[in-house]
Student: 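Have a look at this one before I ask anything.
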Amino acid sequence: VSQSRYKFEVKTYWVFGIFTGIILITIAVNLFLFFSLKDKVHLWYGLYAFSNLFLLLSYEGMDFQFIYPEIPFLSNISRYITTGVTYILLFQVFVVFVKEGLLSNRIRWLVRGVQLFYFSLICVVIVVFNYNAETVWGKIFLFRVLSISGSIALVTFLFWSWREYRNGHKPSLLFFFAIALLLTGSIEYVLNINGWYTGVYLFPTAIPSNMQICLVMEVVVVFFAVIS
């Protein structure tokens with residue numbers, strides 16, 4: 001049993017190592033493009049991809065294991081914080097990518113509202129974990145709020161990206177496909193944490209989960225949209 005467990009862990013580290021390498025490459029390329037072209041969309045994407053990297057690692061506890069093993073408090077809140085920050089940055093990348101001046105006032109206000117909502121949730125998470133670290137129901141409630149609201153935000157994002165594509169912004173089609181990938185993994189994850197198991201895996205070993213696979217695929221597709 002210990003030998004099989006060892007092989008399982010080695011395989012897991014290899015897969016996550018490859019995923020980490022892919023995301024780091026997208027970050028490096030966009031930082032290079034930012035300093036070369038002075039286009040802020042590449043900086044925002046770099047921050048977004050970096051947040052996704054932490055989100056990917058936090059779901060397996062690898063951020064705590066390899067980055068800050070001496071700070072357990074960060075391990076407790078990292079999954080919540082990175083989820084909120086990732087959605088804030090995703091909407092920011094889209095706004096800058098489409099060019100904010102081309103968006104309607106209603107969409108701009110909605111984007112800022114969504115970002116403010118996630119920023120508020122992040123603040124609530126920090127307070128709850130700092131002063132009520134043993135409140136299990138609070139943690140479960142906050143995580144479900146983050147997960148379910150994330151799926152709703154992605155559906156909205158899907159609609160906006162398709163709308164921009166139909167209005168003539170062709171690169172938005174890549175955003176549409178990227179969000180569709182992330183939404184697929186997100187919906188299954190929300191179903192799973194609420195007790196409904198789909199039993200559908202992209203890989204038989206489920207290392208990593210469908211959510212994590214879709215997350216990396218989405219980062220890559222958005223990368224091609226940004227550099228196109």
Side-chain angles (χ1 to χ4, degrees), residues 1-35 41-69 71 74-75 78-87 89-90 93-94 97 146-147 150-151 154 157 171 174-190 192-193 197-228:
V1 177
S2 59
Q3 184 65 20
S4 62
R5 178 64 184 176
Y6 172 75
K7 290 181 179 179
F8 180 89
E9 290 180 353
V10 169
K11 186 175 182 179
T12 300
Y13 288 136
W14 267 104
V15 171
F16 277 91
I18 292 171
F19 282 0
T20 299
I22 291 172
I23 294 177
L24 287 176
I25 289 172
T26 66
I27 294 173
V29 171
N30 274 273
L31 287 179
F32 172 78
L33 291 174
F34 169 69
F35 288 112
V41 69
H42 297 293
L43 177 61
W44 283 116
Y45 174 84
L47 293 173
Y48 169 68
F50 188 70
S51 177
N52 268 286
L53 176 59
F54 269 83
L55 181 60
L56 178 72
L57 297 177
S58 69
Y59 276 79
E60 297 298 328
M62 292 184 181
D63 56 337
F64 173 68
Q65 183 179 357
F66 294 111
I67 303 175
Y68 35 77
I71 314 176
L74 289 180
S75 175
S78 63
R79 184 182 300 187
Y80 303 83
I81 301 299
T82 53
T83 298
V85 171
T86 296
Y87 281 115
L89 292 173
L90 175 60
V93 169
F94 182 71
F97 177 68
L146 276 169
S147 302
S151 295
L154 289 176
F157 206 120
L174 285 173
F175 258 96
F176 177 83
F177 287 124
I179 300 306
L181 283 169
L182 187 57
L183 181 62
T184 300
S186 178
I187 289 176
E188 184 189 35
Y189 183 75
V190 169
N192 288 345
I193 66 173
Y197 296 98
T198 61
V200 178
Y201 299 106
L202 297 179
F203 293 106
T205 54
I207 324 173
S209 68
N210 291 354
M211 175 64 179
Q212 292 163 326
I213 295 170
C214 290
L215 180 70
V216 176
M217 293 172 67
E218 180 264 344
V219 170
V220 173
V221 176
V222 172
F223 166 76
F224 283 109
V226 169
I227 67 173
S228 62

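By convention here, the first residue in the shown sequence is residue 1.
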Student: So do the side chains of Asn30 and Trp44 get within less than 4.5 Å of each other, counting heavy atoms only?
Tutor: no

Student: Take atom OH in Tyr68; do more than 12 heavy atoms of anything else shown fall under 6.0 Å from it?
Tutor: yes

Student: Of all heavy-atom pairs between Asp63 and Ser78, which one has the smallest distance, and what is that distance?
Tutor: OD2-OG, 2.8 Å

Student: Does a side-chain heavy-atom distance below 4.5 Å link Thr20 with Leu57?
Tutor: yes

Student: What's the spacing between Leu146 CG and Ile81 CD1 if we round to 0.5 Å?
Tutor: 8.5 Å

Student: Quick one: pull up OG1 in Thr86 and CG in Asn52 and give me the separation to the nearest 0.5 Å.
Tutor: 4.5 Å

Student: About how many Å separate CG of Leu24 and CZ of Phe50, when rounded to the nearest 0.5 Å?
Tutor: 8.5 Å

Student: Is there a side-chain contact between Phe175 and Phe157 (heavy atoms, below 4.5 Å)?
Tutor: yes

Student: Return all side-chain donor-acceptor pairs below 3.5 angstrom for residues 215-227, not counting sequence neighbours, or 'none' if the list is empty.
Tutor:
residue : atom : partner : partner atom : Å
Glu218  : OE1  : Tyr48   : OH           : 2.8
Glu218  : OE2  : Tyr48   : OH           : 2.5

Student: At their closest point, which heavy atom of Ser58 faces which heavy atom of Leu55, and how far apart are they?
Tutor: OG-O, 2.9 Å

Student: Measure across Thr26 and Ala49 and return the closest heavy-atom pair with its distance rounded to 0.1 Å.
Tutor: OG1-CB, 3.9 Å

Student: Might you confirm whether atom CZ of Phe176 has over 12 heavy atoms from other residues, nucleotides or ligands at distances under 6.0 Å?
Tutor: yes

Student: Specify the closest pair of heavy atoms between Phe97 and Pro171, including all atoms of both residues, with the distance to one decimal.
Tutor: CZ-CB, 3.2 Å

Student: State the CZ-CG distance between Phe34 and Leu43, to the nearest 0.5 angstrom.
Tutor: 4.5 Å

Student: Do His42 and Phe35 have side chains that get closer than 4.5 Å, going by heavy atoms?
Tutor: no

Student: Is a side-chain N or O of Thr184 found less than 3.5 angstrom from the main chain of Ala180, in a donor-acceptor match?
Tutor: yes

Student: Mind checking the CG-OG1 spacing from Leu56 to Thr82? Nearest 0.5 Å is all I need.
Tutor: 10.0 Å

Student: Backbone N or O of Leu182 within a donor-acceptor pair of the Ser186 side chain at under 3.5 Å?
Tutor: no

Student: To the nearest 0.5 Å, tell me how far Leu53 CG sits from Phe16 CZ.
Tutor: 11.0 Å

